[in-house]
2 protein chains.
Amino acid sequence: MGRPREFDIDEALDQALDLFWRKGYEGTSLSDLTDAMGVTRPSLYAAFGNKEELFRKALDRYDDTCMAFTRSALNEPTARKVVDKLLHGFADAQTDQVHPPGCMGVNGALACSEEAEPIKQELAGRRVAGEIALGRRLEDARAAGDLPADCSPADLARYVMTVAHGMAIQASSGASREALYAVVGMTLKAWPSA
Amino acid sequence: MGRPREFDIDEALDQALDLFWRKGYEGTSLSDLTDAMGVTRPSLYAAFGNKEELFRKALDRYDDTCMAFTRSALNEPTARKVVDKLLHGFADAQTDQVHPPGCMGVNGALACSEEAEPIKQELAGRRVAGEIALGRRLEDARAAGDLPADCSPADLARYVMTVAHGMAIQASSGASREALYAVVGMTLKAWPSA
DNA sequence: TATGTTTTCTACCGATCGATATGTAATACG
DNA sequence: CGTATTACATATCGATCGGTAGAAAACATA
């Protein structure tokens, strides 16, 4: 009951995500958001709570859509294929021309004021969670003989995520998809074979 | 002549650098700066112009001091030693415990509002300049037979800088120096031998 | 001591920040 | 229809943003 909402929640969230991705949490103002989302300020607060909650919902949407490949990549049969799909997926997501260049998890809030510290911590936490998930997958691979017994899955996972996040910086600086593919290729050269 | 300045320019600049490094250009307020530098607001403007000029001077000081190793690394005799010294230098600079974690060139302004766009461009420009300088050094190395004839110095340079900037993100997320050293080690495994 | 120059201080500027109070329009239910 | 409920729009809140006027204080030179 009550008056029906005149805008689509997910469409508005996509606009907010685009802004936060491109300008970061603190670099995006409420006026930026309401202009892009086509929603007045009170409607935004009624629908999403406040700026921080809006960011978190946009981040969840980012994870559900743009980062979906990270989950499916872990299901690849071999460790090398997992990493290959992961890094190419990041390269694609960071240069897909429809979203801002780079990575929302890095651009969102890397260095910020005290006020945005919780956001920064949230993003850092998700980054390490991704690294840990990859590390576990590589541990399984080692146990299955898919990786040398003397290698360190944790170190390998950190190496891969370092390249992934480094590519996000490169993309923000204007690197092309092909340039990132070349980086992925060199990264895989360092990959150990069972 | 005139009343002598009561604070040291370089000491104040170091305080400003620490703040910009830790909180970014936009995340650092004038009140943050004056508090940390021990200088009143009009004194700051008289000495440094405005916030943007202060940032640029702090950035120059960062380059002259914390990034000095990047120049000397290029003088190493072999391409591999250049890259080894470069990456270990970045790992050290990003985890030296006296400065904020990560890299000023990345933390300073990665995603920001339109107002800080010139700062963002400046930092991106310096990043690509570093990559180009390394690429030239690797070209020389290839010409000298220090690298395989069929390798791409530009791709190698991009790969190295991608890892360097990725390590900056890792350091911001709390990675230890040893963890970054492990990443450097894996990166060098991909290095071609002549 | 008198004067010119520079730095220091207190106080304040307009603009923008995130967030709301208040009243009206649009729906569902009785 | 009447009423409850929800979303809409206008107008504004106090706080903070980067940046400055204007006067007093500390020096060099005369």
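Residue numbers begin at 1 in each chain, while the letters A, B, ... track the order of the sequences.
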(request) With heavy atoms under 4.0 Å as the rule, sort T28(B) into base, sugar-phosphate or nothing. (result) sugar-phosphate
(message) Expressed as a whole number of angstroms, how long is the span from F48(B):CZ to dT7(C):P?
(response) 11 Å
(message) Using a 3.5 Å distance criterion without hydrogens, assess whether the side chain of W21(A) forms a donor-acceptor pair with backbone atoms of G102(A).
(response) yes
(request) Report the residue (L44(A) or R41(A)) whose heavy-atom-nearest nucleotide on DNA chain D is the more 5′ of the two. (result) L44(A)
(message) How would you summarise protein contacts on nucleotides 24-30 of chain C per nucleotide, using B for base, S for sugar-phosphate only and - for none, with heavy-atom distances below 4.0 Å?
(response) -BBBS--
(request) Please answer whether the main-chain N or O of T34(B) pairs with a side-chain N or O of R41(B) as donor and acceptor at a distance below 3.5 Å. (result) no
(message) Can you tell whether the side chains of D63(A) and R56(A) come within less than 4.0 Å, N to carboxylate O?
(response) no
(request) Report the distance from atom NZ of K51(A) to atom P of dC17(C), rounded to the nearest whole Å. (result) 9 Å
(message) By nearest heavy atom, map S29(A) and G49(A) onto DNA chain C; which one lands nearer the 5' end?
(response) S29(A)
(request) Rounded to the nearest angstrom, tell me the gap between atom CD in E115(A) and atom P in dG18(C). (result) 8 Å
(request) Return the value, rounded to whole Å, for the distance between atom CZ of R5(B) and atom P of dC9(C). (result) 13 Å
(message) Is the terminal nitrogen or CZ of K51(A) (NZ for Lys, CZ for Arg) located under 6.0 angstrom from the six-membered ring centre of Y25(A) and within 45° of that ring's axis?
(response) yes
(request) Return yes if some donor-acceptor pair links the side-chain N/O of E26(A) with the main-chain N/O of S113(A) below 3.5 Å, else return no. (result) yes
(message) Could you tell me how far apart L33(A) (CG) and dT16(C) (P) are, to the nearest whole angstrom?
(response) 17 Å
(request) Please report, rounded to the nearest Å, how far the P atom of dT6(C) is from the CZ atom of F7(B). (result) 15 Å
(message) Using whole Å, what does the distance between atom C1' of nucleotide dC17(C) and atom CD of E52(A) come to?
(response) 16 Å
(message) Can you give me the first and the last nucleotide of DNA chain D (5' to 3') that has an atom within less than 4.0 angstrom of a non-hydrogen atom in chain B?
(response) dC17(D) to dA28(D)
(message) Salt bridge check, D140(B) against R137(B): does any charged N sit closer than 4.0 Å to a carboxylate O?
(response) no
(request) Before accepting this row, confirm whether a basic side-chain N of the pair E139(A)/R142(A) lies closer than 4.0 Å to the acidic partner's carboxylate O. (result) no
(request) Round to the nearest Å and state the distance from L30(B) atom CG to dC12(C) atom C1'. (result) 14 Å
(message) Assess whether a salt bridge exists between D60(A) and K57(A), defined as any Lys/Arg side-chain N lying under 4.0 Å from an Asp/Glu carboxylate O.
(response) no
(message) Salt bridge check, R22(B) against D18(B): does any charged N sit closer than 4.0 Å to a carboxylate O?
(response) yes
(message) I want to verify a distance call: between dT8(C), dG18(C), dC17(C), whose nearest atom is closest to the Y45(A) side chain?
(response) dG18(C)
